[in-house]
Every structure is written in C-alpha cells, then in structure tokens.
**Q** 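My structure is below; once you've seen it, I'll send some questions.
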Amino acid sequence: RHDFLNHLQVVYSLIEMEEYQEANEYIEKVYGRITAVSRVMKTAVPAVNALLQVKVAACEKAHVKVKLNITSNWEQIEKTLPAWEMCKVLSNLIDNAIDAMEAIPSKKRQLTISLTENLRQYCFSVMNTGTPIPQEMQEGIFQPGVTTKGEGHGMGLYIVRKTLNDRGGDIALTSGAESTEFSGFVPKAAGG
C-alpha cells in the first residue's frame, strides 16, 4: 500500500506540473513491473499478484524469508470471491504471520504462502515459523476480540472467517512448536 501511494503521488505531481510525457513513462514503468510480477506469480488475478509483491517486500524489510507455492492461476476465483475480498483475507493473514515472527531470530523467520486448487475449491495457506498460538486460544481464535496482540486488536481473523463463510468457504488453524498455519478455501462457482 505504501509503494502504491508513493507511485500515485509521483504521477499526480507530474500531471500537476503538466509533465504529461514523464507521467506516462512513469506509469508504463510501474505497470511493466506489476505485469512482470504477475507473470512470475502465475495467477490471473492482478490484485492478488500486486498484494503478494507488496507483502514480499514487507517480508524482506522484516528479514523474513518467503516461499511462494503457487500451483494454480485462480483464473475463475472472482466468480466466487471478488479480488479485493481475497486480498483482504491474504493481507490479514500475512500481516499476522509477520507480526508473529518479530520475537524470533531473523535466521529462523520463514513464511510460506500457497495458492492452489482442486476440483471443487480454490485453496490457500499462510504458514509461519513464529511464536505459536497458545492451545487455549486456538479454539476461539476466529471470535471477535480474541487476539495475541493486546488491546485494540482481535477483529482481523473474525473478518477473514466471515468473508470466507459468506461465500461458502472456511479457514482453519494448525499451530504447534514448529509452525502456525492458516489454511482456507472458497468453493468454485458452477463451471469455475
């Protein structure tokens, strides 16, 4: 989001200064970078590709090693779940994963993001090697107000589950000493 806002500010300033050719060239460079990432990421959803690019950069800044496991292009997912809602889901899970790894040594920080599909569902998972979620919290982690972050938090995972449930999908948690994984799905639309 930060990069996106910076790009918008540059374009806006160039247009305001009536530097239209420079604005056009700048937009083409940024667009070229996003489409190049889109091709590498292999999904057919540009918003998801852009989100992954931003989150990979955030992980680099936080000294988190990222592994992307993208075996599906999710070509028809928007028939079930709009791109902006899928971005909301993934963004929340990735941000939580980065936060969960703050307290561990940087050489042990690993995030794995998987985007897959089967005959009936589009599937995803976000796995991190950070601090495990205590067993007594795991049962209610998707309830409003439940958080490991302290006061003023606790709605993100509730919103994630509600977003998926509203579209016939769901999400589950597995957390232990080695890793924490949130894995979910949304059903494919008829003919998807």
Side-chain angles (χ1 to χ4, degrees), residues 1-2 41 43 45 47-48 51-72 74 77 80-188:
R1 190 175 75 174
H2 183 72
M41 299 289 187
T43 76
V45 187
V48 169
L51 173 80
L52 291 175
Q53 179 183 7
V54 168
K55 295 304 179 185
V56 166
C59 286
E60 288 173 7
K61 188 175 180 182
H63 306 288
V64 173
K65 183 179 175 189
V66 180
K67 179 182 177 192
L68 295 174
N69 176 29
I70 301 173
T71 61
S72 168
W74 280 13
I77 194 169
T80 302
L81 186 68
W84 71 272
E85 288 189 342
M86 190 69 234
C87 287
K88 177 172 60 174
V89 167
L90 292 174
S91 181
N92 190 292
L93 297 174
I94 294 167
D95 289 347
N96 286 352
I98 294 169
D99 290 348
M101 291 185 277
E102 283 180 353
I104 66 169
S106 57
K107 65 183 177 189
K108 293 185 178 185
R109 297 176 189 171
Q110 171 126 10
L111 177 69
T112 303
I113 302 166
S114 299
L115 308 179
T116 63
E117 70 178 276
N118 59 41
L119 290 174
R120 297 183 321 263
Q121 305 164 331
Y122 295 103
C123 308
F124 63 89
S125 73
V126 176
M127 191 270 305
N128 73 78
T129 56
T131 307
I133 296 172
Q135 186 67 40
E136 62 274 9
M137 291 186 74
Q138 290 182 28
E139 184 77 25
I141 197 74
F142 297 104
Q143 298 301 313
V146 176
T147 183
T148 60
K149 296 180 185 180
E151 199 171 324
H153 297 277
M155 291 304 291
L157 291 174
Y158 168 75
I159 292 168
V160 164
R161 177 170 262 175
K162 181 166 178 15
T163 300
L164 296 170
N165 287 173
D166 287 351
R167 303 294 182 151
D170 206 358
I171 188 165
L173 163 67
T174 306
S175 186
E178 298 294 315
S179 65
T180 294
E181 180 177 20
F182 286 89
S183 54
F185 72 92
V186 290
K188 290 184 175 181

**Q** Kindly say whether Pro187 contributes a backbone atom to a donor-acceptor pair with the side chain of Thr80 at under 3.5 angstrom?
**A** yes
**Q** For residues Val56 and Glu60, determine if any side-chain heavy atom of one lies less than 4.5 Å from a side-chain heavy atom of the other.
**A** yes
**Q** On a heavy-atom basis, which atom in Gly176 and which in Pro132 lie closest, and how many Å separate them?
**A** O-CB, 3.2 Å
**Q** Less than 4.5 Å apart, side chain to side chain, heavy atoms only: is that true for Leu52 and Ile113?
**A** yes
**Q** Can you tell if the side chain of Thr163 reaches within under 4.5 Å of the side chain of Met86, non-hydrogen atoms only?
**A** no
**Q** State whether the side chain of Asn165 and the backbone N or O of Gly169 hold a donor-acceptor pair below 3.5 Å, judged by distance alone.
**A** yes
**Q** Is the backbone N or O of Leu81 less than 3.5 Å from a side-chain atom of Arg167, with the two atoms forming a donor-acceptor pair by type?
**A** no
**Q** Under 3.5 Å, side chain of Thr129 to main-chain N/O of Gln110, donor-acceptor pair present?
**A** yes
**Q** As an exercise, state the distance from OG1 of Thr116 to CG of Asn69, rounded to the nearest 0.5 Å.
**A** 7.5 Å
**Q** What I'd like to find out is whether the side chain of Gln121 reaches to under 4.5 Å of the side chain of Val186, using heavy atoms alone.
**A** no
**Q** Looking at Trp84 and Ala47, would you say the former's side chain and the latter's main chain have a donor-acceptor pair under 3.5 Å?
**A** no
**Q** Are a donor atom and an acceptor atom from the side chains of Ser175 and Thr180 found within less than 3.5 Å of each other?
**A** yes
**Q** Could you report the tightest heavy-atom contact between Ala83 and Val45, atom names first, then the distance?
**A** CB-CG1, 3.7 Å
**Q** So do Ile70 and Ser114 actually touch side chain to side chain, heavy atoms under 4.5 Å?
**A** no
**Q** Rounded to the nearest 0.5 Å, what's the gap from OG1 on Thr131 to CG on Asp99? Could you check?
**A** 10.5 Å
**Q** Is any side-chain heavy atom of Pro134 less than 4.5 Å from a side-chain heavy atom of Met137?
**A** yes
**Q** Looking at every non-hydrogen atom in both residues, tell me the closest pair between Ile98 and Cys59 and how far apart they are.
**A** CD1-SG, 3.7 Å
**Q** Using modelled atom types only, decide if a donor and an acceptor are shared between the side chain of Lys162 and the backbone of Leu157 within a distance under 3.5 Å.
**A** no
**Q** Please name the pair of heavy atoms, one in Leu111 and one in Ala97, separated by the smallest distance, quoted to 0.1 Å.
**A** CD1-CB, 3.5 Å
**Q** Is the shortest heavy-atom distance from the side chain of Ile171 to the side chain of Phe185 under 4.5 Å?
**A** no
**Q** Would you indicate whether the side-chain heavy atoms of Trp74 and Phe124 approach each other to under 4.5 Å?
**A** yes
**Q** Could you tell me whether the side chain of Gln143 and the main chain of Tyr158 form a donor-acceptor pair under 3.5 Å?
**A** no
**Q** Which value, rounded to the nearest 0.5 Å, describes the distance between Phe182 atom CZ and Ser125 atom OG?
**A** 11.5 Å
**Q** Over all heavy atoms of both residues, which pair between Ala100 and Asn128 is shortest? Give the atoms and the distance, please.
**A** CB-OD1, 3.9 Å
**Q** Do Arg109 side-chain atoms and Ile104 backbone N/O form a donor-acceptor pair below 3.5 Å?
**A** yes
**Q** Please check if any side-chain donor atom of Thr174 sits under 3.5 Å from a side-chain acceptor atom of Glu181, or the reverse.
**A** no
**Q** Enter the distance from Thr43:OG1 to Leu115:CG here, rounded to the nearest 0.5 Å.
**A** 7.0 Å
